[in-house]
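One structure is given here, and the rest of the page talks about it.
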Amino acid sequence: MLTCQELKHTILFMFEPTVYQERRSRLVERLQRAGVTSGIVLFPSNGESPINYPDNCYPFRQDSNWLYFVGLNVPNMLLMLDVSDGKPTLFADDITMDDMIWTGPMESVADLARKSGITDVQPLGAASSRVEVAISRRESFYCLPFYRAETKERLSLLSGLSPRQLEASISAELVDAVISIREIKEPREIAELEKAVVVSEAMHQALLKQIRPGWTGYEAAALVQYEAQKHGCGLSFATIATNHGETLHNHSYDYVAKDGDLVLLDAGAEVESGYAGDLTTTFPVGKSFDSHQAQIYDLLCNVFLDATSALAPGKKFIDVHRAACLSLAQGLKEIGIMKGDPSMAVECGAHALFFPHGLGHMIGLDVHDMEALGEDRVGYGKTMHRSEQFGLSALRLAKELQPGMVHSMEPGIYFIPGLIEKWERDNAFPEFIDYNELRRWKDLGGMRMEEDWLMTPTGARRLGPAFDKSRKAIENWRSRA
Ligand code: GLY
Ligand code: MN
């Protein structure tokens, strides 16, 4: 039995060493195909990140590119990958006896390196001489964008390259090569993503079963986290458990749930391997939806079905997003909130009053997969450009879907009082929005439904076990609560 200290520095999850070797070879091949035939890729791992003093750190989260290409869930390492021959060198220091007293024992760096298929291991202090040799040979350096200033500073101290030189080494070829590899999930990654969705569903069902009028948002969020941790998982992002779902990323738990409220739960598990689940469920705190909530919830279910039916490999995700918007505009017209031609309304962006975000994003080792490499580069590729139209401008994924991609499907319907009032004052799209009718709905709040989907060679399938979110099924859960 491991103690918790030993657990902290023991790598519990890794694929076979050949997995990482093959991934690095593929990366080198793609760089070479893009015309980068020599030079050094600098891959820094993440370090510990202090909250308010050096020894009180945020929970350690390894860099996702590092997890993908190296796999070692250990801070303060550096990999140099020689593009000319594909050889990796791992720079890291063994922990000292003083460290071990505080953190528990850890395998030697040489043993860790073997788990990643690496034999060339050097102390961190040798990194700058390796860089000097590369400079003397007029070799170039290639880096990915930095999303933590401290990583750039640490890499600068280790390598002897200035922060400006490191910024100048950020390579579009490297970014594109990494995206093109990571965006197509291997079967072993899909298995990990399935695990993440299984636990994410358990988190959602726990709250769906247990919340009662009188619970605070803090209790709701704590139950969701408890369910994740009970399964040995963390959270893939900060839980949204709110009775005001119309605020899209509402992280406040400072409320008391009451009969008549809707709860929007957007939460997911991160499994040991780092893969993320991301689900959203909306349900009543009481036993059933009221009649306005029921109409909008049924419409959300329709929009969801229309959007998922539109998924196909080779299709652009922006067109799937448009199918969801059209379904929404048609449904809101039937209810009487919108009017006119639904296709024209979508073309003009009038529906975005009720759905001001995108239909989905890729999911993998990051819940918004690879967004640290650039949201547009990941979601739009090299040839597509993001629209500036309100609503469409928030679409994270637009490009052509390929088998092996995993992405969220997350349509929502929101009544945002401040935005409605502004559009009415501005008389925005009077030909498409019936502001008189809308006044009767303005305080309904917000709903979202989210699942994680895998593109296959012939279509698409949702990840995780069946979870019926129809109104009837949700009300069944609630009436048993
Ligand atoms: N689940 C949070 C998000 O997709 O932004
Ligand atoms: Mn999401």
Side-chain angles (χ1 to χ4, degrees), residues 61 64 147 183 185 193-194 196-204 207-208 217 220-221 224-225 227-228 233-242 244-253 262-271 274-283 300 303-304 307-308 311 317-318 320-321 324-325 352 355-376 378-379 386 391-399 401 405-414 416 446-455 460 462-464 467 469:
R61 175 52 160 86
S64 295
Y147 55 90
E183 72 183 356
K185 271 49 184 186
L193 285 159
E194 287 270 13
V197 176
V198 168
V199 178
S200 303
E201 288 193 5
M203 292 155 64
H204 282 246
L207 190 64
L208 184 51
V224 168
Q225 179 157 1
E227 197 65 28
C233 295
L235 299 175
S236 54
F237 59 96
T239 296
I240 298 169
T242 178
H244 277 288
E246 73 278 9
T247 299
L248 300 183
H249 277 176
N250 191 339
H251 287 112
S252 167
Y253 307 134
L262 290 174
V263 167
L264 183 152
L265 174 65
D266 184 347
E270 181 178 287
V271 289
Y275 288 84
D278 184 10
L279 305 179
T280 307
T281 317
T282 308
F283 47 89
L300 181 61
V303 171
F304 198 88
T308 51
L311 285 171
F317 195 72
I318 193 170
V320 183
H321 172 82
C325 297
F355 180 30
H357 63 76
L359 184 64
H361 51 83
M362 290 210 231
I363 303 178
L365 282 164
D366 310 295
V367 72
H368 287 186
D369 207 23
M370 299 179 283
E371 274 184 13
L373 301 180
E375 207 175 299
D376 285 7
V378 173
R386 189 186 283 250
L392 204 49
S393 61
L395 179 65
R396 293 192 151 97
L397 175 60
K399 70 186 182 186
L401 295 167
M405 284 183 175
V406 173
H407 57 82
S408 69
M409 290 294 278
E410 51 180 308
I413 308 178
Y414 311 93
I416 306 169
M447 301 183 182
R448 182 162 63 251
M449 181 181 291
E450 181 176 19
E451 293 179 350
D452 304 335
W453 282 64
L454 164 71
M455 297 309 301
R462 66 183 286 286
L463 297 179
F467 181 3
K469 291 186 189 154

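First listed ligand is number 1; within each ligand, the first listed atom is number 1. Just so it is clear, the structure is predicted and the values come from calculations on it, not from any experiment.
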The Mn ion (ligand 2) to nearest N/O/S of D266 below 2.8 Å: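 Looking at D266, which is the residue asked about, there is no N, O or S atom under 2.8 Å from the Mn ion (ligand 2).
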Ring centres under 6.0 angstrom apart (H321, F355):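 Distance test on ring centres: under 6.0 Å, yes.
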Sub-6.0 Å ring centroid separation between H357 and Y414: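 Judged by ring-centre distance (under 6.0 Å), H357 and Y414 do meet the cut-off.
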Which of the ligand 1 atoms, numbered from 1, are nearer than 4.0 Å to a heavy atom of [X]:
{"X": "F237", "answer": "1 (N), 2 (C)"}
{"X": "E410", "answer": "4 (O)"}
{"X": "H249", "answer": "2 (C), 3 (C), 5 (O)"}
{"X": "D278", "answer": "1 (N), 4 (O)"}
{"X": "H361", "answer": "4 (O)"}

Side chain to side chain contact (heavy atoms under 4.5 Å, CB included), paired with T281, selected from H204, M449, E450: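 Among the candidates, only H204 passes.
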pair H251-I240: side-chain heavy atoms closer than 4.5 Å: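 Yes, side chains in contact.
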Close side-chain approach of F317 and M409, heavy atoms under 4.5 Å: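 Answer yes - side chains close enough.
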From CA spacing to verdict: salt bridge (charged side-chain N to carboxylate O under 4.0 Å, His left out), E183, K399: CA-CA 12 Å; E183 72 183 356; K399 70 186 182 186; 2.7 Å; yes
Under 3.5 Å side-chain donor-acceptor pair for E410 and H361: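 Side chains of E410 and H361: pair found under 3.5 Å.
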Protein contact to atom 3 (C) of ligand 1 [nearest heavy atom, distance to 0.1 Å]: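 Protein heavy atom at minimum distance: H368 NE2, 3.1 Å.
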Considering only N, O or S atoms of [X], the one closest to the Mn ion (ligand 2):
{"X": "E410", "result": "OE2"}
{"X": "D278", "result": "OD2"}
{"X": "E450", "result": "OE2"}
{"X": "H361", "result": "NE2"}

Derivation and outcome, side-chain hydrogen bond (donor to acceptor under 3.5 Å, both in side chains), residues D366 and S64: CA-CA 7 Å; D366 310 295; S64 295; 2.5 Å; yes
Minimum non-hydrogen distance to atom 2 (C) of ligand 1, winning option of D266, L248, L279, T280: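 Result: the heavy atom closest to atom 2 (C) of ligand 1 is in D266.
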